[in-house]
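So the structure is just underneath, and the comments pick up after that.
Values below: all heavy atoms of this structure, side chains included; hydrogens, waters and symmetry mates excluded. Residues: numbered from 1 along the sequence shown.
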Amino acid sequence: QVQLVESGGGLVQAGGSLRLSCVASGRTFSNEVMGWFRQAPGKEREFVAAIRWSSYTYYGDSVKGRFTISRDTAKNTVYLQMNSLKPEDTAVYHCVARPGGLSRMADDYDYWGQGIQVTVSS
């Protein structure tokens, strides 16, 4: 059974940083896309970032230049380094995975973690 488990969320002040981690188990994800979506209360899910292998990355417009996605394929882990955080980054962040190419469409992702809360105070 595939599991994606997020960690590293919490409360931070605006301008601060957090690093999210997601460990995948149940299969090897080295050849698949892993990424992050987020959802704030009352809003739709929003694409944050995705990575294929270790070098092909794709970012949502609202986080470009502030967030960095990376992965350690040996550990089946993907990371999201979040810098210069803003109150509008407050959301539940979900780790995702899919076979195939990079995508910003939520429906394209087969596997989802339960999510972790990130709260940015002003």
Exercise. Would a hydrophobic clustering, with Ile, Leu, Val, Met, Phe, Trp and Tyr connected at side-chain separations under 4.5 Å, put Val78 with Leu102?
Worked result: no

Problem set entry | Set of residues satisfying ring pair (Phe, Tyr, Trp, His ring centres under 6.0 Å) with respect to Trp53, sequence neighbours excluded | Tyr56

Exercise. With distance as the sole test, does Glu6 use its side chain to make a donor-acceptor pair with the main-chain N or O of Cys95 at under 3.5 Å?
Worked result: yes

Which atom pairs, donor and acceptor, lie under 3.5 Å between side-chain atoms of residues 14-25 and protein residues at least two apart or in another chain?
{"residue": "Ser17", "atom": "OG", "partner": "Asn83", "partner atom": "OD1", "Å": "2.9"}

Exercise. Is Val12 reachable from Tyr93 through a run of I, L, V, M, F, W or Y residues, each pair having side-chain heavy atoms under 4.5 Å apart?
Worked result: yes

Exercise. Hey, are the side chains of Met82 and Val118 touching, using non-hydrogen atoms and a 4.5 Å cut-off?
Worked result: yes

Exercise. Say you draw a straight line from OG of Ser122 to NZ of Lys86; how long is it, rounded to the nearest 0.5 Å?
Worked result: 14.0 Å

Problem set entry | Transitive ILVMFWY side-chain link Tyr111 to Leu80, under 4.5 Å | yes

Exercise. Quick one: are Val120 and Glu88 in side-chain contact, heavy atoms under 4.5 Å?
Worked result: no

For this session: List the steps, then state whether side-chain contact (heavy atoms from CB on, under 4.5 Å) holds for Gln114 with Val5.
Result: CA-CA 7 Å; Gln114 287 200 322; Val5 179; over 6 Å; no

Exercise. Side-chain heavy atoms under 4.5 angstrom apart, residues restricted to Ile, Leu, Val, Met, Phe, Trp, Tyr: same cluster for Met34 and Trp36?
Worked result: yes

Exercise. Just by distance, do the side chain of Arg98 and the backbone of Asp108 share a donor-acceptor pair under 3.5 Å?
Worked result: yes

For this session: Please round to the nearest 0.5 Å and tell me the distance separating atom CZ of Arg52 and atom CZ of Arg71.
Result: 10.0 Å

Exercise. Any side-chain heavy atom of Arg66 sitting closer than 4.5 Å to one from Asp89?
Worked result: yes

Exercise. When rounded to the nearest 0.5 angstrom, what distance separates CD in Gln117 from CG in Leu11?
Worked result: 9.5 Å

Problem set entry | Trace of the side-chain contact (heavy atoms from CB on, under 4.5 Å) decision for Arg38 with Val63 | CA-CA 11 Å; Arg38 67 186 183 186; Val63 306; 3.9 Å; yes

Problem set entry | Separation of Ile51 CD1 from Tyr79 OH (nearest 0.5 Å) | 11.5 Å

Problem set entry | Residues in side-chain contact (heavy atoms from CB on, under 4.5 Å) contact with Lys64, at least two apart in sequence or another chain | Tyr59, Asp61

Exercise. What closest approach, in Å, do Gly60 and Arg104 show between heavy atoms, and which atom pair accounts for it?
Worked result: CA-NH2, 4.1 Å

Exercise. Under a single-linkage definition using a 4.5 Å side-chain heavy-atom cutoff for Ile, Leu, Val, Met, Phe, Trp and Tyr, are Phe47 and Leu4 assigned to the same hydrophobic cluster?
Worked result: no

For this session: Could you tell me which non-hydrogen atom of Thr57 sits nearest to which non-hydrogen atom of Ile69, and how far apart they are?
Result: CG2-CG2, 3.7 Å

For this session: Keeping the roles fixed (side chain from Tyr109, backbone from Val33), state whether a donor-acceptor pair exists under 3.5 Å.
Result: no

Problem set entry | From His94 atom NE2 to Ile116 atom CD1, the distance as rounded to the nearest 0.5 Å | 11.0 Å

Exercise. Out of curiosity, Trp112 CH2 to Phe37 CZ, how far, rounded to the nearest 0.5 Å?
Worked result: 5.0 Å

